[in-house]
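Numbered from 1 within each chain, the chains take letters A, B, ... in sequence-line order.
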Amino acid sequence: MGIGDDLMLFEETVPERCRYRVQVILPVEGPYDYLAPDGGDEGERFLPLGQIVMVPVGKRILPGVIWGGEPDTSVPQAKLRQIEAITDLPPLKDELRQFIEWVASYTLFPRGSVLKMVLSAPQALESVAGQKLYRQGDTDTEDTSFRITPARQKVLDLLAGSGGWTAVELAREAGVSGSVIKGLEQAGVVEGYLEVPDFSFPLPPSGIKGPVLSEDQRAAADDLINKVRAGNFAAVVLDGVTGSGKTEVYFEAIEAALGEGQQILVLLPEIALSSQWLDRFEQRFGVRPAEWHSELTPALRRKTWRAVSEGKAPVVVGARSSLFLPYEKLGLIIVDEEHEASFKQEEGVCYHARDMAVVRARGCHCPVVLASATPALETMINVQNGRYERLVLSGRHGGAGMPDVELVDLRFDKPERLDSGQGWLSQALRGAIRQTLEAGEQAMLFLNRRGYAPLTLCRTCGHRLQCPHCTAWLVEHRRFSRLQCHHCGYSTRLPDSCPSCDAEGSLVPCGPGVERIVEEAKKLFPEARIGLMASDTMTSPAATREMIERIEKREVNLLVGTQVVAKGYHFPYLTLVGVVDADLGLFGGDLRAAERTFQLLHQVAGRAGRAEHKGRVILQTSDPQHPVMQTLKAGDRDKFLEIEAETRSRGGLPPFGRLAAVIVSGPEEAELDNFCATMARAIPTIDGARILGPAPAPLSLLRGKFRRRFLVMTRRSVAPQAVARSWLQGLKSPSRVRVVVDIDPYSFL
DNA sequence: AGCACGCCGACT
DNA sequence: GTCGGCGTGCTC
């Protein structure tokens with residue numbers, strides 16, 4: 001500092017504190033400018049790009065990240081506030097910041113919203129001061145003036161057993177006051193030290209041998225290992241039927257990545273159902289991986305986030321949000337069951353975790369493996385284009401063949417039609433169940449519908465019981481004597497009389513849910529030991545485990561379930577699968593309805609006959625000529641994909657064209673329709689793009705909000721993002737009307 | 001997303 | 001006459 005500082009005449013020549021661009025976790029686009037924090041070098045930047053800081057925003061202090069780009073000089077200096085604090089976390093890597101930018105511009109969500117998914121563990125951002133622990137001091141303290149009182153002795157006895165106590169624990173356990181410990185510390189008899197908490201997950205010991213692989217498993221594994229070691233981007237589809245050993249193959253790739261000192265991310269569709277997967281991992285690698293999902297405790301969240309950012313979580317298994325963790329050295333991504341629709345996030349930032357995983361892998365220069373027995377059509381077309389490679393695992397391990405698939409034709413003019421009052425199980429299916437049970441094997445009845453009956457109506461006036469907040473029927477759950485809405489959670493007692501005409505005892509259930517199938521099965525097979533598995537009967541991991549065990553021990557021999565039974569569990573004595581309503585998923589106008597139905601039924605069918613017994617699958621259908629049924633019967637997955645590709649190609653639908661859904665919602669229908677009309681008038685004419693709508697969204701009333709939907713359809717060469725942006729940027733919606741863009745929509749709800 | 005500012009009904 | 005409802009708009 002020179003003397004001139006005090007004599008500075010012109011304010012504008014005072015050296016400014018340096019401006020930083022900080023991206024905060026608000027749903028806003030651009031970074032905001034902030035002044036360097038206290039203690040920073042005047043006028044000179046010292047915080048690196050990606051540094052995580054805390055900044056004042058309005059009344060609050062929020063996390064933000066030092067971002068690149070030129071400061072916004074249009075914001076007056078006087079408006080700037082100072083960076084509040086610098087966290088002790090490693091800066092976000094360039095690769096992650098670029099990923100955030102990419103996701104934001106692809107999904108059309110503000111950058112701050114995407115960043116928020118990265119900084120999703122507020123606990124993790126707090127500095128880790130560590131806590132003060134106590135142990136025995138160095139024993140050379142032969143200070144004769146220090147008296148060992150009984151209170152002091154108790155403390156010393158405890159510490160002689162083991163160190164690592166906090167003052168509070170020590171005082172409580174010894175029954176002394178804190179001042180005793182303080183006195184001991186002062187005399188040097190006990191020693192206080194700061195323990196930095198250990199935020200790390202164990203590294204699997206190297207050299208644990210996996211099972212011996214078959215020839216094609218070995219070839220696939222070696223290919224993946226080479227790619228991992230090369231350290232380049234590659235997208236590889238691991239294509240093999242259930243039981244072909246995909247998991248063992250990618251475990252080999254994980255082993256190789258561990259050997260390279262890299263981190264591995266495994267994305268699973270539903271982490272809640274993955275305890276079997278975790279057990280399997282532990283068997284293979286001797287340790288448990290880090291988990292990342294919404295049910296983590298705050299403490300584990302913090303530990304995991306920190307460990308990931310410091311490279312101390314070698315393997316992370318998680319739901320889609322684990323894609324946004326700040327990996328220190330990501331060397332491999334696995335997306336298991338890549339076709340699963342639950343990888344598509346539909347709330348908040350809409351993104352598809354499988355597709356974003358490929359983008360992330362590209363940014364990290366590492367391979368990504370997409371594993372499935374029924375790859376998505378998108379994925380297979382990417383294989384055909386040469387964008388993805390494909391490794392095929394043929395055949396089931398252990399010699400079990402694919403099950404035989406039979407169709408039961410339920411049409412009215414066919415002998416197997418179901419007459420009213422007869423129930424939902426055809427003669428053919430009943431016979432097969434009887435045979436199976438008599439042979440001492442297990443049978444499963446699959447119906448992808450929870451509850452007792454999907455619709456309740458009044459015989460007197462025809463009134464249908466509907467959710468007050470959604471365009472949806474209320475589903476009867478007889479176990480609880482309640483009616484439930486499966487979209488918003490609304491629940492009410494089953495009324496005794498019709499709410500519309502007051503007729504007593506006039507309400508009748510229509511159609512079957514799994515509970516009703518259980519009821520029918522009990523009547524038909526009174527001797528059978530029936531078990532029910534649905535998402536609402538498996539409320540805790542313990543309850544799930546118990547049911548699984550009962551099935552494995554054959555305490556259950558007739559299992560009735562929704563799609564939860566299709567996911568991952570394998571029951572060696574199960575030889576018959578009956579699909580009560582194979583057509584169920586085909587309705588609803590979803591462009592992927594056929595594909596999803598095929599995948600689900602294929603997966604359910606795969607439950608039958610894994611061990612020595614050949615399995616048998618019976619599909620009850622009213623549309624036996626449908627390509628889904630025909631290709632399932634023929635066991636010809638690729639034929640199905642071929643037909644589906646042809647259908648979509650003709651319609652210009654994904655992956656041959658591109659889609660963006662524009663959902664407009666609001667609490668007042670008139671205002672909503674009014675604004676939709678304004679939007680419709682503003683639809684631009686763009687070559688290679690069309691915009692359809694507004695149509696009432698299939699659930700035109702959801703959670704008390706009215707919804708309309710536009711659909712942007714483009715040729716592959718035209719980005720729907722650009723179309724949506726140019727259409728919507730000039731339109732400002734009334735405050736109570738919300739417009740959300742969903743790029744690559746999946747659910748058409 | 002939060003939080004405050006701002007303009008219209010039932011209470012000390 | 002105030003307390004408070006949530007509509008609207010901003011946050012460097």
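Side chain of A:Ser120 to main chain of A:Lys116: no donor-acceptor pair is present (N/O by atom type, distance under 3.5 Å, no hydrogens or angles). For the pair A:Arg592 (side chain) and A:Ala341 (backbone), a donor-acceptor distance under 3.5 Å is absent.
Considering only side-chain atoms of A:Pro27, the nucleotide from C:dG7, B:dA1, C:dC12 that sits closest is B:dA1. When each of C:dC12, C:dG7, C:dT11 is scored by its nearest atom to the side-chain atoms of A:Leu26, the top-ranked nucleotide is C:dT11.
Looking only at side-chain heavy atoms (C-beta outward), A:Phe675 and A:Val739 come within less than 4.5 Å of each other.
We find that CG of A:Leu80 is positioned 13 Å from C1' of C:dT11, with the value rounded to whole Å. Whole-Å rounding puts the A:Leu115 CG to B:dA1 P distance at 15 Å. In this structure, A:Gln77 atom CD and C:dC12 atom P are separated by 14 Å, rounded to whole Å. In this structure, the CD atom of A:Gln23 is 15 Å from the P atom of C:dT11, given to the nearest Å. Nucleotide C:dC12 holds its P atom 17 Å from the CD atom of A:Glu29, rounded to whole Å. As rounded to whole Å, 7 Å separates atom P of C:dC12 from atom OH of A:Tyr32. Rounding to whole angstrom units, CG of residue A:Leu62 and C1' of C:dC12 are separated by 12 Å. Taking atom CZ of A:Arg19 as the reference point, atom C1' of C:dC12 lies 8 Å away to the nearest angstrom.
Backbone-only contact: A:Pro56 has heavy atoms under 4.0 Å from sugar-phosphate atoms and none from a base.
Taking the six-membered ring where tryptophan is involved, the planes of A:Phe46 and A:Tyr20 are perpendicular, since the angle between them exceeds 60° and thus also 30°.
A salt bridge is absent between A:Glu95 and A:Lys329: the closest approach of a Lys/Arg side-chain nitrogen to an acidic carboxylate oxygen does not fall below 4.0 angstrom. Between A:Lys312 and A:Glu310 a salt bridge is recorded (basic side-chain N to carboxylate O distance below 4.0 Å).
Considering only side-chain N and O atoms, A:Tyr34 lies under 4.0 angstrom from the phosphate OP1 or OP2 of C:dC12.
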Could you pull out every donor-acceptor pair under 3.5 Å between side chains of residues 22-35 of chain A and any protein atom, sequence neighbours left out?
{"unit_1": "A:Gln23", "atom_1": "OE1", "unit_2": "A:Arg111", "atom_2": "NH1", "d": "3.2"}
{"unit_1": "A:Glu29", "atom_1": "OE2", "unit_2": "A:Arg111", "atom_2": "N", "d": "3.4"}
{"unit_1": "A:Asp33", "atom_1": "OD1", "unit_2": "A:Arg21", "atom_2": "NE", "d": "3.3"}
{"unit_1": "A:Asp33", "atom_1": "OD2", "unit_2": "A:Arg19", "atom_2": "NH1", "d": "3.1"}
{"unit_1": "A:Asp33", "atom_1": "OD2", "unit_2": "A:Asp72", "atom_2": "N", "d": "2.7"}
{"unit_1": "A:Tyr34", "atom_1": "OH", "unit_2": "A:Pro56", "atom_2": "O", "d": "2.7"}

Show me the protein contacts with nucleotides 2-5 of chain B, counting only N or O atoms at under 3.5 Å.
{"unit_1": "B:dG2", "atom_1": "O4'", "unit_2": "A:Arg60", "atom_2": "NH1", "d": "3.1"}
{"unit_1": "B:dA4", "atom_1": "OP1", "unit_2": "A:Lys59", "atom_2": "NZ", "d": "3.4"}

